[in-house]
Number of protein chains: 2
Amino acid sequence: MARTQGSHSDITGPRIRDAALRLFAQHGYAAVSMRQIAKEVGVQAGALYNYTPDKQSLLHRLMEGHMRELLAAWQVQESSGEAGEDAMAQLERFVRFHISFHMQRPDAVFIAYMELRNLSEENFILIEALRSSYEDALEAVLKRGVDTGRFRIPDTKIATLAVIAMLNGVMTWYRSGGRLSLEEVESVYWDMVRKSVGV
Amino acid sequence: MARTQGSHSDITGPRIRDAALRLFAQHGYAAVSMRQIAKEVGVQAGALYNYTPDKQSLLHRLMEGHMRELLAAWQVQESSGEAGEDAMAQLERFVRFHISFHMQRPDAVFIAYMELRNLSEENFILIEALRSSYEDALEAVLKRGVDTGRFRIPDTKIATLAVIAMLNGVMTWYRSGGRLSLEEVESVYWDMVRKSVGV
DNA sequence: CTTTTTTCTGAACAAATGTTCAGTTAACCT
DNA sequence: AGGTTAACTGAACATTTGTTCAGAAAAAAG
């Protein structure tokens, strides 16, 4: 059965996705026009509407895709640890995973943190829920560490946000090919995180 | 002597400043129109151009003003310490100052961190220089602590950025009237920072 | 090949954008 | 009061915005 005109795929075309990702990250959602995206893809603006119902969905799908990838990747990483791994090892796993994962997708990360206010209210709620469950994953580790006496943390909720904020900071300055390798950066941050939650 | 038509003051009118601050913080620079700002002030759009040469200057002046206030306030705070204050006390002073200062201007902080990419290139360079000298202030404290053996930090540059990123995280969740007072929040963060740079 | 289906063009739409400016209103000064 | 200066209006400007859609082009299917 033919797609009626004006309808669109449920999955955004990869070329369009990539162009939107790059442009949104560079100039911001509001500052990028559909015509700019189209030009990057090598197509007229109208053609985009075969792949997305509107500009807003383009943004939302980028964010949702990113957050779901993040959650899925962490679940893989988490379950790859040996059973009975203690909280300290789990926290190191999280720190290294977080930095590594985010550094591989700087544009998506940037968008996910900067463009929340350009989401419609319903889309905002959806994305926030995904973000929350990622934060919960870290908080669970911290709580376990507190319970087992490995960590001393006055407030696990604040500590969760503080750690994530600290780790996200790496995005603002790290450029591959710099003074430090990604693994060295991971180690420096892990050193600070470990001490900050320590007894 | 009369101002010729179309010229503008060197200082942006406070009403306009405040309206732009609030709107830029809420919706983002690119998403706010001059007409929206005018409406908030209770005036027609054209009247704004008696106070600013263009929209870009409005943004730049907000950011520059904020950064200069920040630097000035820190200099006051820094020099208010007793002479010979050790690095640990200086760091605590910085942490509490940073949180307290930023929490009093959430909108300006938000703009200063989110709208860098909407600055023209020359304005961007100016603002970045101001930000750098603020970071240098913290790094100086960390270096002193390393030299005197109070801190153990593998890389003071990274630690500087990590601490600031961590502290800035408070902006994303703290709302006055919440579970914790501002001073309690300061203490929680200070606890984490202190440990993270500790020996 | 022809027919069917999918994809894209190119023009058009109404609305919104930053900015200018002649002319009106308000404020101030003597 | 009148006269001078400052502030604001309201309309206009050229561009750009997101989005639609009839029809052309291309691709797939027969």
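Throughout, protein chains are lettered first and strands after them, A, B, ... in sequence-line order, and every chain is numbered starting at 1.
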Practice prompt. Determine which pairs satisfy ring-ring contact (aromatic ring centres under 6.0 Å, His included) with at least one residue from residues 115-160 of chain A, sequence neighbours left out, and list them in order.
Written response: A:F94-A:Y134, A:H98-A:Y134

Discussion item. Test: ring-ring contact (aromatic ring centres under 6.0 Å, His included). Region: residues 161-199 of chain A. Which pairs qualify, not counting sequence neighbours?
Written reply: none

Response to the item:
So the ring-ring contact (aromatic ring centres under 6.0 Å, His included) pairs with at least one residue in residues 16-35 of chain B (sequence neighbours excluded) are B:F24-B:Y29

Worksheet, complete the sentence: Here the distance between atom C1' of C:dA12 and atom CD of A:Q44, to the nearest Å, is 13 Å

Discussion item. Between P on D:dT19 and CD1 on A:I37, what's the gap in Å once rounded to a whole number?
Written reply: 10 Å

Worksheet entry | Close side-chain approach of A:L70 and A:H102, heavy atoms under 4.5 Å | yes

Worksheet item: At what angle, to 10 degrees, do the two end axes of the helix from C:dC1-D:dG30 to C:dT30-D:dA1 meet, given five pairs define each axis?
Response: 10°

Item to complete: In plain terms, say whether A:R117 and B:E115 are close enough for a salt bridge, that is, a side-chain N and a carboxylate O under 4.0 Å apart.
Response: yes

Worksheet entry | Proximal nucleotide (of D:dC8, D:dT19, C:dT9) relative to the A:A45 side chain | D:dT19

Where do N or O atoms of nucleotides 15-18 of chain D meet protein N or O atoms at under 3.5 Å, pair by pair?
unit_1, atom_1, unit_2, atom_2, d
D:dG18, OP1, A:V32, O, 3.4
D:dG18, OP1, A:K55, NZ, 3.0
D:dG18, OP2, A:M34, N, 2.9
D:dG18, N7, A:R35, NH1, 2.9
D:dG18, O6, A:R35, NH2, 2.9

Worksheet entry | Partner set under side chain to side chain donor-acceptor pair (under 3.5 Å) for B:E128, not counting sequence neighbours | B:R131

Response to the item:
In this structure, CD1 of B:I111 is separated from CG of B:L116 (nearest 0.5 Å) by 11.0 Å

Worksheet item: Is B:K195 reaching over with its side chain to a backbone N or O of A:G198, donor-acceptor style, under 3.5 angstrom?
Response: yes

Response to the item:
Here the distance between atom P of C:dC21 and atom CG of B:N50, to the nearest Å, is 13 Å

Worksheet entry | Spacing between B:L48 atom CG and C:dC21 atom P, to the nearest angstrom | 17 Å

Discussion item. How many whole angstroms separate atom NZ of A:K39 from atom P of C:dT9?
Written reply: 13 Å

